[in-house]
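In what follows, every chain begins at residue 1, and chains take the letters A, B, ... in the order their sequences are listed. All values below come from the heavy atoms of this structure, side chains included, with hydrogens, waters and symmetry mates left out. Owing to the predicted nature of the structure, the values given are computational and were not obtained by experimental measurement.
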There are 2 protein chains.
Amino acid sequence: MRSSPGSVQSIDRVLEILETLSTAPLGMSLSDLAAATNLHVSTTHRLVNVLTEHGYALKDSSSGKYRLTLRTFEIGSRVSSVWNLLSAAKPHLDELAAECQEAVHLVERDGMGIVYLYKAEPFQQLVRMSSHVGLRNPMYCTGVGKSILSLLPQDEAEEIWNNEEIQTFTPNTITTFPDMIREMERIRARGYAIDDEEHEVGVRCIAAAIRNWAGNPVAAVSISAPVSRMDEATMQRLLPSLLRTVDEISRMLGHRA
Amino acid sequence: MRSSPGSVQSIDRVLEILETLSTAPLGMSLSDLAAATNLHVSTTHRLVNVLTEHGYALKDSSSGKYRLTLRTFEIGSRVSSVWNLLSAAKPHLDELAAECQEAVHLVERDGMGIVYLYKAEPFQQLVRMSSHVGLRNPMYCTGVGKSILSLLPQDEAEEIWNNEEIQTFTPNTITTFPDMIREMERIRARGYAIDDEEHEVGVRCIAAAIRNWAGNPVAAVSISAPVSRMDEATMQRLLPSLLRTVDEISRMLGHRA
DNA sequence: CTACAAATATCACATTATGAAAAAGAGGCT
DNA sequence: AGCCTCTTTTTCATAATGTGATATTTGTAG
């Protein structure tokens with residue numbers, strides 16, 4: 001009896017182990033791992049050993065705990081879209097960050113969410129921001145996400161909305177679909193999105209989408225700053241640079257306006 | 001009959017599929033994938049579907065080819081050592097790159113090799129260099145690798161050497177162990193390593209190791225440049241900054257001199 | 001419309017993964 | 001030391017699981 005069409009027990013389990021290990025910065029003992037995954041110790045041992053033999057995990061000789069090696073990092077960096085986007089975008093993003101003297105983010109759409117691919121920060125601008133390369137966030141609560149969402153076909157946007165577990169991160173978070181539809185119209189009308197403390201209190205950002213050769217919004221760029229430094233006037237001042245940057249990157253991906 | 005102790009066929013196979021897909025920037029059709037992995041189409045289909053259902057791969061609707069999503073990128077970025085090192089090192093590396101106006105690399109040791117974690121480049125300094133974040137290289141042919149190797153216990157260094165398939169990348173590549181032992185002594189004596197076109201013709205670099213709380217050389221930093229810009233005088237000029245940088249990072253990891 | 005190729009689904013079979021139980025290690029306490 | 005407890009590793013009989021030949025569907029080109 002197979003649980004669902006196209007499911008292989010041992011693989012389901014080993015992937016769960018991989019993901020569990022990835023969230024344990026200090027590593028996990030075999031029994032921790034078995035407890036966390038609800039697998040028998042014996043089974044866990046066998047599976048984590050397979051990961052070890054393939055170089056994905058190792059057993060720290062001093063602590064005796066299992067943790068991930070850089071193998072997943074290596075493979076993750078090879079994902080083609082990372083390459084394509086980063087090589088096209090990096091110089092532009094560094095330039096934008098230097099020009100604005102604020103943190104600049106590049107994200108790519110991945111399924112129902114977005115993943116941060118790059119973060120350019122001006123020197124010593126040490127504002128604590130929860131974003132970092134590799135982080136996955138939903139679309140509805142971030143400037144970058146909303147800018148992408150607004151350019152998708154309505155049914156696709158709705159599907160993404162419905163698949164998301166809507167959380168109220170701050171008082172400003174958009175939590176109903178009608179509100180989001182109005183927001184998406186505003187974004188399309190002005191050509192950029194604003195995240196006004198919708199995900200993190202105290203952080204405001206402006207964002208715009210990058211389009212590929214087919215015109216699809218595959219990625220986005222944002223400029224983020226504490227509200228104190230990001231008032232209406234500042235946003236208007238930074239906007240042209242942001243829009244120029246996403247245009248230049250879009251063109252490098254083959255987009256024709 | 002199990003092929004080797006601690007081996008699970010379906011997992012071995014799915015990992016091979018994952019790795020194969022990671023090297024195919026344009027994606028692969030099911031039959032391509034089956035051919036590349038020597039698996040039956042039917043089996044390949046089942047396994048790649050498991051990856052798809054877990055969000056690691058997707059089937060591009062226009063081309064019909066399978067490729068990896070950003071899931072591995074996401075998980076790879078969570079690997080704890082990446083976090084620890086990068087957060088400690090990033091500002092120092094950016095500063096070093098700005099100061100030297102040359103490309104700066106941060107690598108971490110992973111098993112028998114090194115993996116590039118970060119690359120800081122001064123503006124518009126577009127020299128083609130094969131290195132990029134996520135790349136894995138052997139130790140014997142890179143400055144960063146040699147600087148780490150030189151601080152390992154002799155038996156460990158020898159084990160790494162023996163496990164490596166030694167390739168002659170350039171006329172300067174060190175290809176015999178006695179030569180490497182002498183080189184390691186030189187590196188220990190002066191406190192830094194030089195890669196004098198040993199991996200790539202035309203690229204010279206200076207490198208030094210980062211030590212953790214236990215004194216182990218877990219990572220390294222290098223400054224790379226075309227030979228034309230990296231003569232003896234330049235190296236002597238850049239060295240203090242490099243050594244100061246690795247010292248600062250080592251201290252942040254708890255190393256006491 | 002037909003033919004061919006590629007992708008997906010089905011299913012009987014035995015190979016393969018499973019987990020109980022036993023063995024081997026690693027500390028901790030008297 | 002020696003004993004006890006907890007954790008990790010190995011073993012092995014069992015049947016549940018993954019396998020791949022075959023069938024079906026889908027897609028593409030002539």
Side-chain angles (χ1 to χ4, degrees), chain A residues 1-21 23-69 80 111 214, chain B residues 1-22 24-69 214:
Chain A
M1 199 177 299
R2 181 150 302 135
S3 32
S4 93
S7 167
V8 172
Q9 191 183 65
S10 56
I11 299 177
D12 292 345
R13 289 171 165 186
V14 88
L15 290 181
E16 198 186 344
I17 289 179
L18 188 81
E19 284 159 36
T20 305
L21 278 180
T23 61
L26 303 169
M28 298 176 87
S29 71
L30 185 65
S31 37
D32 289 348
L33 202 50
T37 53
N38 287 310
L39 294 174
H40 279 243
V41 211
S42 172
T43 306
T44 311
H45 180 252
R46 185 162 8 90
L47 297 182
V48 79
N49 261 355
V50 176
L51 286 179
T52 305
E53 258 159 42
H54 284 265
Y56 287 78
L58 59 79
K59 189 177 173 176
D60 189 306
S61 47
S62 56
S63 69
K65 297 189 165 191
Y66 289 95
R67 58 186 165 82
L68 295 187
T69 66
S80 55
Chain B
M1 196 177 299
R2 181 147 305 134
S3 32
S4 95
S7 165
V8 173
Q9 189 184 65
S10 56
I11 300 177
D12 292 345
R13 289 171 166 187
V14 87
L15 291 181
E16 198 186 344
I17 288 180
L18 188 81
E19 285 160 34
T20 305
L21 276 180
S22 81
L26 303 168
M28 297 177 88
S29 71
L30 185 65
S31 36
D32 288 348
L33 202 48
T37 52
N38 286 312
L39 295 173
H40 279 243
V41 208
S42 173
T43 305
T44 311
H45 180 251
R46 186 165 5 92
L47 297 181
V48 77
N49 260 356
V50 175
L51 286 179
T52 305
E53 256 158 43
H54 284 265
Y56 287 78
L58 59 79
K59 190 180 172 174
D60 190 305
S61 47
S62 56
S63 70
K65 297 188 165 190
Y66 289 94
R67 58 188 166 81
L68 295 186
T69 66

Applying side-chain hydrogen bond (donor to acceptor under 3.5 Å, both in side chains), name anything that partners B/Tyr56, two or more places apart in sequence or on another chain. A/Glu19
If you assign each of A/His45 and A/Gln9 to its closest nucleotide in DNA chain D, which residue comes earlier from the 5' end? A/His45
Listed nucleotide nearest any side-chain atom of B/Ser31, set D/dG18, C/dA6, C/dA17: C/dA6
For nucleotides 25-28 of chain D, tabulate all protein N/O to nucleotide N/O atom pairs closer than 3.5 Å, reporting atom names and distance.
none

Would you state whether a donor and an acceptor, one from the side chain of B/Arg13 and one from the base of D/dG18, lie under 3.5 Å apart? no
Send over the distance from B/Asp32 CG to C/dA6 C1', rounded to a whole Å. 11 Å
For a quick check of understanding: with a heavy-atom distance under 4.0 Å over all strands, which category does A/Lys59 fall into, base, sugar-phosphate or nothing? sugar-phosphate
How would you list, by chain and number, every residue that makes a side chain to side chain contact (heavy atoms under 4.5 Å, CB included) with A/Ala36, sequence neighbours excluded? A/Thr20, A/Met28
Please work out if A/Ser10 contacts a base, only the sugar-phosphate, or nothing of the nucleic acid, heavy-atom cut-off 4.0 Å. sugar-phosphate
Can you identify which nucleotide, out of D/dG18, C/dT18, C/dA7, has its nearest atom closest to the A/Val8 side chain? D/dG18
Value in whole Å for how far the P atom of C/dA7 lies from CG of B/Asn49: 12 Å
Who passes salt bridge (Lys or Arg N to Asp or Glu O under 4.0 Å) against B/Arg67, sequence neighbours left out? B/Asp60
What pairs of nitrogen or oxygen atoms, one from the protein and one from nucleotides 20-26 of chain C, lie under 3.5 Å apart?
| unit_1 | atom_1 | unit_2 | atom_2 | d |
| --- | --- | --- | --- | --- |
| C/dA20 | OP2 | A/His40 | ND1 | 2.6 |
| C/dA20 | OP2 | A/His40 | NE2 | 3.4 |
| C/dA20 | N6 | A/Ser42 | OG | 3.0 |

Bend across the helix from C/dC1-D/dG30 to C/dT30-D/dA1, to 10°, with axes taken over 5 pairs at each end? 40°
